[in-house]
Amino acid sequence: METILSIAGKPGLYKLVSRGKQNLIVEAIDASHRRQPAFASDRVTSLGDIAMYTDAEDIPLWEVLTKVGEKEGSKKASINYKKCPSSELRDYFAEVLPSYDRDRVHDSDIKKLLQWYNILVENGYTDFKATFAPEEEKEEEK
């Protein structure tokens, strides 16, 4: 399983390439494929560890990305999340995840989700369950 990472303060997403003694070697998931070190002082988060708040229980990010993919037909997001008003952004997200917690999920969270979705789709990641789901959940499906 490839590990897709987000690094605080750095735009985009990264793929884990290797581990060193004091750092990780990551590769940008974009056209540049630039490799760089990520140190212990960087806040590195695996997308597999992220979840979205809902009214009931938190939903893993891969499930939300899958729902966006179903809505968009595995193509880039149809909404211009950078320029659309807050109400339009929240209406769009309510179609994807109707039970999301409107108090704890901010506009910036939705924008980040759609940005990540577009990066992943542009670079050939469309099976989010295979990419992000923990091994236990994949085993239950078999």
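Residue numbers start at 1 and run along the sequence shown.
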Measure the [atom1]-[atom2] distance between [X] and [Y] for me, rounded to the nearest 0.5 Å.
X      : Y      : atom1 : atom2 : answer
Glu122 : Leu120 : CD    : CG    : 9.5 Å
Ile59  : Ile50  : CD1   : CD1   : 15.0 Å
Asp103 : Asp55  : CG    : CG    : 9.0 Å
Lys71  : Thr66  : NZ    : OG1   : 15.5 Å
Thr126 : Glu72  : OG1   : CD    : 14.0 Å
Trp62  : Lys67  : CH2   : NZ    : 10.0 Å

For [X], is the [atom1] atom crowded, meaning more than 12 foreign heavy atoms sit under 6.0 Å from it?
X      : atom1 : result
Tyr92  : OH    : yes
Lys75  : NZ    : no
Arg102 : CZ    : yes

Does [X] reach the main-chain N or O of [Y] with its side chain, forming a donor-acceptor pair under 3.5 Å?
X      : Y      : result
Asp42  : Phe39  : yes
Asp107 : Leu89  : no
Asp91  : Ala94  : no
Asp109 : Val105 : no

In this structure, would [X] and [Y] fall into the same cluster of hydrophobic residues linked by side-chain contacts under 4.5 Å?
X      : Y      : answer
Leu61  : Ile29  : yes
Tyr14  : Leu65  : no
Phe128 : Leu16  : no
Leu97  : Leu113 : yes
Leu13  : Met52  : yes

(request) Check Cys84 against Ile79 and note the closest heavy-atom contact, atom names and distance. (result) SG-CD1, 3.8 Å

(message) Which heavy atom of Ala77 sits nearest to which heavy atom of Leu114, and what is that distance?
(response) CB-CD2, 4.3 Å

(request) Step by step, work out the side chain to side chain donor-acceptor pair (under 3.5 Å) result for Thr54 and Asp101. (result) CA-CA 4 Å; Thr54 66; Asp101 188 329; over 6 Å; no

(request) Take Leu5 and Val26 through the test side-chain contact (heavy atoms from CB on, under 4.5 Å) and record every step on the way to the result. (result) CA-CA 8 Å; Leu5 307 170; Val26 296; 3.7 Å; yes

(request) Determine, stepwise, if the pair Lys112 / Tyr81 fulfils side-chain contact (heavy atoms from CB on, under 4.5 Å). (result) CA-CA 9 Å; Lys112 181 66 74 177; Tyr81 60 88; over 6 Å; no

(request) For ring-ring contact (aromatic ring centres under 6.0 Å, His included), just list the numbers for Tyr100 and Phe93, CA-CA rounded to whole Å, side-chain angles, deciding distance to a tenth of an Å, and then say yes or no. (result) CA-CA 8 Å; Tyr100 83 96; Phe93 197 62; 4.9 Å; yes

(request) Salt-bridge test for Arg34 and Glu27: reply yes if a basic N is under 4.0 Å from a carboxylate O, no otherwise. (result) no

(request) Indicate yes or no: at least one non-hydrogen side-chain atom of Asp58 is less than 4.5 angstrom from one of Arg104. (result) yes

(message) Are Ile4 and Ser46 packed together at the side-chain level, in the sense that at least one heavy-atom pair is separated by less than 4.5 angstrom?
(response) no

(request) Start with the C-alpha gap between Ser74 and Val121, add the side-chain angles, then the distance that decides, and say whether side-chain contact (heavy atoms from CB on, under 4.5 Å) holds. (result) CA-CA 7 Å; Ser74 294; Val121 168; 5.7 Å; no

